[in-house]
Visitor: 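Mind looking over this structure? Questions follow.
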Amino acid sequence: MINLYDLGQVYIVCGRTDMRRGIDGLAAIVKDKFDLDPEKYLKYLLYKLPNESTLTDKETLSAYLPWTKQVQASCR
């Protein structure tokens, strides 16, 4: 089980995001624009990211963006 308190602050940004619609609006964008299951995508991120040795490397982080083949295969 992942302890969310150990993660600190996590920010996921893909282009412009209008947060006036809240988390439900963001989930709708993930579902509609990337054809992903938002819950699966969030679980994927929360499971995989804490295992990365560094989160400051752009190449490492880019592997978790919703349009990558690995994410697409895992989160539909």
Side-chain angles (χ1 to χ4, degrees):
M1 181 91 186
I2 298 172
N3 185 350
L4 297 178
Y5 292 104
D6 292 342
L7 295 177
Q9 290 183 331
V10 177
Y11 299 95
I12 302 169
V13 179
C14 297
R16 296 181 185 148
T17 304
D18 184 356
M19 290 306 292
R20 291 177 291 181
R21 294 189 289 168
I23 193 65
D24 293 332
L26 182 58
I29 291 169
V30 169
K31 183 174 181 163
D32 294 340
K33 188 167 184 173
F34 300 109
D35 193 30
L36 298 178
D37 180 334
E39 186 175 341
K40 283 184 181 179
Y41 181 51
L42 182 58
K43 286 180 181 179
Y44 179 83
L45 292 176
L46 292 175
Y47 179 76
K48 298 278 189 174
L49 285 177
N51 297 320
E52 288 292 341
S53 59
T54 179
L55 294 176
T56 58
D57 180 36
K58 287 183 181 182
E59 287 184 31
T60 301
L61 289 176
S62 67
Y64 294 98
L65 295 174
W67 51 84
T68 61
K69 290 180 183 179
Q70 177 70 26
V71 171
Q72 291 281 323
S74 299
C75 300
R76 287 204 169 162

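When a residue number appears, it is its place in the shown sequence, counting from 1.
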Visitor: Looking at residues at least two apart in the chain, or sitting in another chain, which of them share a salt bridge (charged side-chain N to carboxylate O under 4.0 Å, His left out) with Glu39?
Guide: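 For Glu39, the residues satisfying salt bridge (charged side-chain N to carboxylate O under 4.0 Å, His left out) (neighbours in sequence not counted) are Lys43.
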Visitor: State which residues pass side-chain hydrogen bond (donor to acceptor under 3.5 Å, both in side chains) with Tyr64; sequence neighbours excluded, sorted by chain then number.
Guide: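 By the side-chain hydrogen bond (donor to acceptor under 3.5 Å, both in side chains) rule, Tyr64 matches Glu52.
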Visitor: How long is the straight-line distance from CG of Leu36 back to CH2 of Trp67, given to the nearest 0.5 Å?
Guide: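 Reported to 0.5 Å precision, the distance equals 11.0 Å.
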Visitor: Just jot down the side-chain hydrogen bond (donor to acceptor under 3.5 Å, both in side chains) partners of Gln72, sequence neighbours excluded, or say none.
Guide: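 Gln72 satisfies side-chain hydrogen bond (donor to acceptor under 3.5 Å, both in side chains) with Arg76 once adjacent residues are dropped.
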Visitor: Checking Thr60 now: which residues fulfil side-chain hydrogen bond (donor to acceptor under 3.5 Å, both in side chains) with it, not counting sequence neighbours?
Guide: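 Per chain and number, Thr60 pairs via side-chain hydrogen bond (donor to acceptor under 3.5 Å, both in side chains) with Asp57.
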Visitor: Suppose we screen for side-chain contact (heavy atoms from CB on, under 4.5 Å). Which residues come up paired with Lys40, at least two apart in sequence or across chains?
Guide: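 Applying side-chain contact (heavy atoms from CB on, under 4.5 Å) to Lys40 gives Asp37, Cys75.
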